[in-house]
Amino acid sequence: MSTRQFGERVQRNEDDRLIRGQGRFVDDIPLEGALHGAFVRSPHPHARIVSIDTSAAAAYPGVHKVYTHEDLGPLDVLMPLLIPHPCITHGRTQYPLAHGEVFYGGQAVAFVVADDRYTAEDAAALVDVRYEPLPVEIDIERATEGGAPLVHSDVPNNVAAQFVQRSGDAEAAFAKADHITSIRVQVDRSTAAPMECLATAARWDEVSGELTVWAATQTPIGLRGALSSLFELDENYVRVIAPDVGGGFGPKILFPYSNEIMVPLAARELHRPVKWIEDRGENFVNMSQERTQIHYIDLAATSDGRVIGLRDRFIHDTGAFIPYGIAVAQVASTSIASSYRIPNIEVEFSCVYTPTVPVTPYRGCGRPHANFAIERAMDQLAQELGIDRFEIRRRNFIPPEEFPYAREGLIFADGLPVKMDSGEYDRCLTALEEALDVPAFRAEQEAARAQGRILGLGMAFYVEGTGLGPYEGGQVRVHPITGKIFVNTGLTTQGQGHKTTWAQIVADQMGVDSSEVIVVEGDTGVFDWGCATFASRSAVVAGNAIHKTAIKARQMVLQVAANMLEAGPDDLDLADGRVFVRGSGDRGATLAEVATMSNPLRYAFNKAAASATQFAAAASSDGPPLPDGKRPGIEAQEYFSPPHATWAYGAHGAIIEIDPVTCNIDVRKYICVHDCGKMINPLIIEGQVAGGVAQGFGGAFYEHLDYGTDGVLKNASFMEFLMPYATEVPDMTIIHQETPSPINPLGVKGIGEAGTIPVPSTIASAVDDALASMGAPPVRSVPLSPAAIFAAMQASTVPA
Amino acid sequence: MSTDTSSMRAVAGDYEVDDLVAVTMTVNGTAVEAKIPARMLLSDFLRHELRLTGTHVGCEHGVCGACTVHLGGRPTRSCLTLAVQADGCEIRTVEGLADFDGTLHPVQQSFRECHALQCGFCTPGFMMSVAGLLEEGIGNDLSDSELREHLAGNLCRCTGYQNIVAATRKAIDLRDGKEG
């Protein structure tokens, strides 16, 4: 008998290919006769282009074409601003190839297409571009001051957008507060650095007129829309496929990148497949980045630590352009009150242009920044009022009975109100507190201090609005020849294990093992309704769409089988790939037989098909073979559109030791308690959490894109931009808590980004705790290098 | 297997066929002869000439380890190795890990069982590094931090590494005939 697979630690369907070296990433796809592209990129953060001489490059043997913006014809247009918002008063996007001016180091200026990659790079080096450098201001606060160099000469003070949101009456709350805590915090610029960089390949089929694009993207459907628009093609003549994609983490949601326009264009003009594979050096200056924000946050509290008001004013660095709108800043602004009741909120932000790589979401998307601001402020408030850090959070949590909890007036990044659906925050925090064994730690900390050792305990709470709309779809089909079940959806995976989780959902309805369910996604030629993978939304939105579809497909099986088996649908059950009359022994049919019988045939193209032909025993002679209103086959489609985001949450805790000599931080214990609603596959969920935490460690300790005051990125390689290896991530304990979401049939919430969000806050909290007895200034920015710890210890008022 | 890449020039502007270098090597047990430009990377030769695309290229400067193959039995960065340097050598790639009958190598089995991969891009390089450790005789007497030191030549952006540590321990057990 098939057992329920939802909730089980099922091993992944996708692994067999990947461990045998049979993955199919864009650069692995064999394209006979493909040409290869290479970009010429600006070395300057801001410059006027005086001249471009492509003659030497064009004459280089093996080169087929060198493109500048002058060669683009109708494609020489500004790329779309994907998420327009009324507050974007000065929205700027770039051209596929620079058009007289470059606005960041790395901006694409020319594109060379040649026989192979080596030749393309040789020729790219021969493109002679003369620049006239322009002044830059890299500091986002100074950039908004009068007189600062402008990124775009027609954008005053470099401000792209300004937005204020209010819930309740913050002014009144601050007027009556017993205590006000005010701090400034900063999070730095980073990059997602997926192991596979960006990649695009395209083939223009001269016979069918179809453009096929393989792209390392999180949104094949979105990219198809952009390409259809730009190339003025009907959507059914553009097929975008995201094959295996080697990590996404956000930046692969942006589209179209220059390469996603140039590669298809070259394929069409040169009548050959064309491929462009980004190298790591390029990835640092081409793929979008994220993170820099400076928050000025104030909390208004009563003397017993209840926060009655919150004011946050922050500056968001959007890079040189704003193609993804205000999404990152808007998510930060609506996540700022976190798990706390705080009835009165006023949050205001400015999105500021800097001459740097454009900013779009990276795992967390504004949440790590907001979390750092609110959690640092809560710790500060606790310290100022002499209240324990755990206790002050408890006093402010939204209690379970107050859900759904709406923050009237705040609009989330999906355009819908902020309405938190469920949670048991206190239970979650208590689980963390117990796992950390705080009293035992305090005793150890005291004993260690006597030996000159510095220990600290840190904690942070987080929430994450996940599962944003608009919608996703599912398609389930039983193959009549093999009986196999195919599942399709429109979004795509970059490692999250969709081929397994979707299979688990469908397997439960169809009575098969999840390993027998075949999932195909990320191919607009297969299924093309839906949106994309972002905002920890796949399990919530696509998962529920597929669940609804599977229920419908099951009903179809039962209907057809009821006729075949002369039984009532309610007397039937599905298991082991068969539908059968309950308690009848072997009275049943395979799914293949059911699928065959559901499709009236004329031709017996195989033995099984004979049973569905017109003179077979089961054929009906008293009406049309396919009754009016019925469809052939076992094939269902359904859609799910969430009413609003569903809010996951959790608490992280760390016990650290700071080496007083090297200032290195050793994380001795790291605990994650998380709640993502009902869990489809705990094995995969733990992988998502652990991977997220590792990226959080990167953000807390190492990852910092070092743009000099001259605007030049100084660490554009893995040699200098440090990411955690196995030695930099501690073993962590993951504790599950399940509070179902009441707003979707599966009761699930997203998990993809959760692990990343509270790590910097947790580590900062631990460092503060460790250095508190020395009177060191509290941590107000990340990443926390040993140099930063050293500086904090130097500034201490009490000697170590 | 034989391949000729005479369309690719060895150095800028100099594309005489004389610049091609003849190499012979054994890749996953199969003899390979080729004429290749001196500047061609081993990673490109494996991926694009021999179509062994299981070996991935993650950084092209020897830091991430995604391109790790065994050259003469030792884990080697194929993105930092010229194909001509491998002349006369034995090479093993991820495609050569499993037995000819498809039976998985212990490291493949353990990576799958321990969910030590997500997107799968770094996985071939990681598994080749771990396979090298298994062949060097690494044992489960190592502490976690010692084991992590051994794994610190490969970057993974998805897993957070703890399942890779677990998979490595499991692979050692499988090598030693100790089931799970």
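The sequence lines fix the lettering, A, B, ..., with proteins before strands; numbering per chain opens at 1.
- Only the side chain of B:Glu60 comes within contact range of chain A, with heavy atoms under 4.5 Å apart.
- For a residue to count as touching a neighbouring chain, one of its non-hydrogen atoms must lie under 4.5 Å from one of that chain's; by this rule A:Phe25 touches chain B with the side chain only.
- With no hydrogens or angles considered, no side-chain donor-acceptor pair links B:Asn154 and A:Tyr725 at under 3.5 Å.
- Interatomic distance, A:Arg117 CZ to B:His48 NE2, rounded to the nearest 0.5 Å: 8.0 Å.
- Considering every non-hydrogen atom in both A:Phe718 and B:Gly58, the closest pair reads CE1-O, 4.3 Å.
- The pair A:Arg17-B:Glu95 fails the salt-bridge criterion, with no side-chain N (NZ, NE, NH1 or NH2) lying under 4.0 Å from an Asp/Glu carboxylate O.
- When each of A:Gly23, A:Ala114, A:Ala193, A:Gly755 is checked for heavy-atom pairs under 4.5 Å with chain B, A:Ala193 comes out on top.
- In this structure, the side chains of A:Met195 and B:Cys64 come closer than 4.5 Å at one or more pairs of heavy atoms.
- Contact count against chain B (heavy-atom pairs under 4.5 Å) is highest for A:Asp27 among A:Asp27, A:Ile277, A:Asp244.
- Heavy atoms closer than 4.5 Å to chain B are found nowhere in A:Val689, neither backbone nor side chain.
- Neither the backbone nor the side chain of B:Leu97 comes within contact range of chain A, judged by heavy atoms closer than 4.5 Å.
- Surrounding CD of B:Glu146 are more than 12 heavy atoms belonging to other residues, nucleotides or ligands, all under 6.0 Å away.
- Proximity to chain B is absent for every atom of A:Asn283, based on heavy atoms less than 4.5 angstrom apart.
- A:Arg12 has its side chain out of reach of B:Arg112: every pair of non-hydrogen atoms, C-beta onward, lies at least 4.5 Å apart.
- Looking at B:Thr53 and A:Arg24, their side chains come closer than 4.5 Å, going by heavy atoms from C-beta outward.
- Residues B:Gln162 and A:Val693 form no side-chain contact, since every pair of their non-hydrogen atoms from C-beta on lies 4.5 Å or further apart.
- Salt-bridge formation is not detected for the pair B:Glu113/A:Arg9: no Lys NZ or Arg NE/NH1/NH2 atom is positioned less than 4.0 Å from an Asp or Glu carboxylate oxygen.
- For A:Ala192, the part lying near chain B is the backbone, with the side chain staying farther off; criterion is any non-hydrogen pair under 4.5 Å.
- Within the 4.5 angstrom heavy-atom criterion, only side-chain atoms of B:Arg47, from C-beta onward, approach chain A.
- Checking side-chain atoms of B:Arg148 against main-chain N and O of A:Val729 turns up a donor-acceptor pair under 3.5 Å.
- For A:Gly687 against B:Gln118, the heavy-atom pair with the smallest separation is O-NE2, 2.9 Å.
- Here the side chains of A:Met723 and B:Arg157 are in contact, with some heavy-atom distance below 4.5 Å.
- For B:Tyr161, the part lying under 4.5 angstrom from a heavy atom of chain A is the side chain only.
- Heavy-atom distances place both the backbone and the side chain of B:Ala152 under 4.5 Å from chain A.
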